[in-house]
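Just so you know, these numbers come straight off a predicted model, no measurement behind them.
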Amino acid sequence: MLLEARDRVGGRAFSHPIEGLPLRAELGAEFIHGPAAETMALLRETASAALDLGGESWRRQNGELLRDDDGFLEWAALFDRARLLTHDESVDSYLKRFEVSEITRRAARGARDFVEGFEA
């Protein structure tokens, strides 16, 4: 049994479409990505906690709950490689170098979507 307090699945997490924009806005719960030392310090300060989801990712598409196998680890690896840069560079410039190879194009596209939808 799935019990929800709202008239939709998701509880506090809610992806809301915005007219004229290709991506949805995230209203409500968020995810903590990576070690996030500052975020963890705030959680400790407020006696709050974070839940580890165990690496599984799910998405809702057309009212159906689907396992999200979008290559998160592939494009997250591109962000890890960015730590090796010796100079500042825009995300756009950095990702363009990975878009020339068929092997890395998918990862670069996913990384770009992440930055545009989450950070930008």
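Between the CZ atom of Arg97 and the CD atom of Glu89 there is a distance of 4.0 Å, given to the nearest 0.5 Å. Separation of atoms CZ (Phe79) and CG (Leu95) is listed at 6.0 Å; rounding is to 0.5 Å.
In this structure, Ile103 places its CD1 atom where only 12 or fewer heavy-atom neighbours from other residues, nucleotides or ligands lie under 6.0 Å away.
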Could you please spell out the steps behind the side-chain contact (heavy atoms from CB on, under 4.5 Å) verdict for Glu74 and Thr104?
CA-CA 8 Å; Glu74 290 175 7; Thr104 57; over 6 Å; no

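Under the 4.0 Å criterion applied to side-chain N and carboxylate O atoms, Asp92 and Lys96 are assigned as salt-bridge partners.
In the hydrophobic clustering of this structure, Trp75 groups with Leu85; members are Ile, Leu, Val, Met, Phe, Trp, Tyr whose side-chain heavy atoms approach within less than 4.5 Å, directly or through other members.
Residues Ala111 and Leu78 approach most closely at CB-CD1, 4.3 Å, considering heavy atoms. Nearest heavy-atom pair, Phe98 versus Ala108, reported as atom, atom and distance to 0.1 Å: CB-CB, 3.8 Å.
Considering only residues two or more places apart in sequence or on other chains, Arg83 meets the salt bridge (charged side-chain N to carboxylate O under 4.0 Å, His left out) condition with Asp80. Scored by the salt bridge (charged side-chain N to carboxylate O under 4.0 Å, His left out) test, Glu102 finds Arg105 as partners (sequence neighbours excluded).
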